[in-house]
Amino acid sequence: MSTVNRLSTKIDENVPTAARMYDHYLGGKDNYAADRAACAELDRVVPSTRRLALNNRRFLKRAVRTIAEEYGIRQFLDHGSGLPTQDNVHQVAQRVDPATHVVYVDNDPMVLVHGRALLQQDESTAVIQADMRSTEEIFDHPETRRLIDFSRPVAVLFNSVFHCIPDSDTDGPLAVVRRVRERLVPGSIMLMCQLVSDDPEVRSFVTDFMDQVTQGHWGRVREQKDVDEWFEGLDILEPGLVEVSTWRPDNEVAPRQLTHEWIEYGGIGVVR
Ligand SMILES: C[S@@+](CC[C@H](N)C(=O)[O-])C[C@H]1O[C@@H](n2cnc3c(N)ncnc32)[C@H](O)[C@@H]1O
């Protein structure tokens, strides 16, 4: 049986969402009191979360720039793209080459509304509402087909998103990764990271807390070994799978996590 949640078209201010909580941590304005209250609650157990979020976003920027500059990729499919913020994927990639195409995918209706407003004039970028587990629907979506040529290498991003979906043989992260990889030509890139913790109490507290506040739109805080498994069979780029603030750091000053109850862990693999 499929574990994919039905897509909501309604924005409910009273039920926190991962997208809006993350927006709050990044200093954005597209969030409500319920999202901010949930973040405050979370901070009591995992106080480094704001810094973790900022570092995660900086990693995404560095990674996209590297993929475009060093690996020459000109098409990106971004799963769980989040609310628009500064330096979104298309802006970073199009700075390297304005002809780059980007498709954003998210299941949160608010992402769709804000994303479409931002992209009104942009013919080379689209945002679609879909569940990241619906690979066929995403790959066959008219906007994806218009913008992405799967006979050429593409960068597929799953940045800080797999903790939002539970394990499942058919729709868990590993199943999704395998399904997506089969559709990519050699030279394509898969970027993946998620929230992990060595501490079983943190894993279980945050998993239960987020599941409760988001009313079931959550998966699991995992361990590094779970993430390692997704990369099997890919050629992993240097420096390997790491806490993402240490992935090819640049000159941008990043606030370091003061404590490490949980970290964002992952990296980039190339399809052989
Ligand atoms: C922590 S944010 C990450 C945003 C962005 N990828 C980044 O790293 O800056 C997680 C995003 O995944 C989205 N998301 C969660 N579950 C999803 C699902 N099943 N399908 C598509 N998007 C999902 C959320 O709406 C949210 O925007």
Side-chain angles (χ1 to χ4, degrees), residues 2-9 11-12 15-28 30-31 35 38-39 42 46 49-50 52-64 76-92 102-115 127-135 137-138 141 155-168 170-173 175-176 179-180 190-196 206 210-211 213-221 244-245 247 262-268:
S2 174
T3 48
V4 174
N5 284 315
R6 269 193 315 124
L7 292 174
S8 163
T9 49
I11 294 168
D12 185 344
V15 179
T17 71
R20 299 192 319 238
M21 288 174 69
Y22 181 60
D23 177 70
H24 172 60
Y25 278 124
L26 293 182
D30 300 329
N31 52 75
D35 304 300
C39 289
L42 197 56
V46 278
T49 305
R50 182 180 296 277
L52 180 155
L54 290 167
N55 275 310
N56 173 64
R57 194 69 200 182
R58 291 197 165 126
F59 161 67
L60 177 62
K61 238 169 87 175
R62 291 196 303 282
V64 167
F76 290 75
L77 179 56
D78 184 7
H79 294 80
S81 47
L83 283 155
T85 174
Q86 282 176 358
D87 278 338
N88 299 291
V89 168
H90 71 288
Q91 290 156 327
V92 176
V102 177
V103 174
Y104 292 117
V105 180
D106 207 288
N107 66 348
D108 190 315
M110 189 130 152
V111 172
L112 202 73
V113 172
H114 287 262
V127 53
I128 62 179
Q129 190 187 17
D131 192 294
M132 69 173 121
R133 292 165 283 190
S134 306
T135 308
E137 182 193 328
I138 293 168
H141 192 285
V156 177
L157 315 181
F158 287 98
N159 198 68
S160 188
V161 293
F162 279 143
H163 43 254
C164 299
I165 61 170
D167 295 328
S168 140
T170 50
D171 288 316
V176 174
R179 206 151 57 216
V180 166
M190 294 189 72
L191 178 159
M192 302 177 272
C193 64
Q194 90 137 63
L195 293 166
V196 305
V206 181
M210 286 301 293
D211 191 57
V213 297
T214 63
Q215 298 192 350
H217 288 85
W218 186 251
R220 188 159 81 81
V221 179
V244 299
S245 73
W247 195 93
W262 64 352
I263 59 166
E264 193 74 52
Y265 172 82
I268 297 184

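What you are looking at is a predicted structure, and each value in this text was computed from that prediction instead of being measured. The first residue in the sequence is number 1, and the count goes up from there. Just so you know, ligand 1 is whichever comes first in the structure, and atom 1 is the first atom listed for that ligand.
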| query | For atom 20 (N) of ligand 1, which of R57, M110, M132, R20 has the closest heavy atom? | reply | M132
| query | Going by an N to O cut-off under 4.0 Å, is there a salt bridge joining R220 and D167? | reply | yes
| task | Among all protein heavy atoms, pick the one closest to atom 27 (O) of ligand 1 and tell me residue, atom and distance. | result | D106 OD2, 2.7 Å
| query | Does ligand 1 have a heavy atom under 4.0 Å from the side chain of R133, from its backbone, from both, or from neither? | reply | side chain
| said: Just checking H90 against F76, ring centres under 6.0 Å apart? | reply: no
| message | Pairing donors with acceptors under 3.5 angstrom, does anything connect the side chains of Y22 and N56? | response | yes
| task | Would you mind listing which atoms of ligand 1 come within a distance below 4.0 Å of any non-hydrogen atom of A19? | result | 25 (O), 26 (C), 27 (O)
| task | Provide the number and element of each atom of ligand 1 under 4.0 Å from a heavy atom of D108. | result | 25 (O)
| Would a distance-only check, ignoring hydrogens and angles, find a side-chain to backbone donor-acceptor pair under 3.5 Å from D23 to D30? | yes
| said: So for ligand 1, is D131 a polar contact partner (N or O within less than 3.5 Å, distance only)? | reply: yes
| request: Decide whether an N or O pair under 3.5 Å exists between N56 and ligand 1. | output: yes
| field | Polar side chain donor-acceptor pair, N159 to D78, under 3.5 angstrom | value | no
| request: Would you mind finding which of N107, N159, V176, I165 brings a heavy atom closest to atom 18 (C) of ligand 1? | output: N107
| query | salt bridge (charged side-chain N to carboxylate O under 4.0 Å, His left out) between D87 and R58: does it pass, once the steps are laid out? | reply | CA-CA 9 Å; D87 278 338; R58 291 197 165 126; over 6 Å; no
| message | If you take the nearest heavy atom of each of S134, C164, P109, A53, which one is closest to atom 16 (N) of ligand 1? | response | C164
| query | Against heavy atoms of S81, which atoms of ligand 1 measure under 4.0 Å? | reply | 4 (C), 5 (C), 6 (N)
| message | Under 4.0 Å, counting heavy atoms only: does C193 come that close to any atom of ligand 1? | response | no
| field | Y22 N/O under 3.5 Å from ligand 1 N/O | value | yes
| field | Options S160, A63, G80, ranked by nearest heavy atom to atom 4 (C) of ligand 1, top entry | value | G80
| task | Would you please test D35 and R20 for salt bridge (charged side-chain N to carboxylate O under 4.0 Å, His left out) and show each step? | result | CA-CA 6 Å; D35 304 300; R20 299 192 319 238; 2.7 Å; yes
| request: Evaluate the criterion side chain to side chain contact (heavy atoms under 4.5 Å, CB included) for residue pair I165 and R133; output intermediate values, then yes/no. | output: CA-CA 9 Å; I165 61 170; R133 292 165 283 190; 3.6 Å; yes
| said: Taking 4.0 angstrom as the limit and counting only heavy atoms of A130, give me the atoms of ligand 1 inside it, by number and element. | reply: 20 (N), 21 (C)
| What are the two closest non-hydrogen atoms of W262 and V46, and how far apart are they? | NE1-CB, 3.5 Å
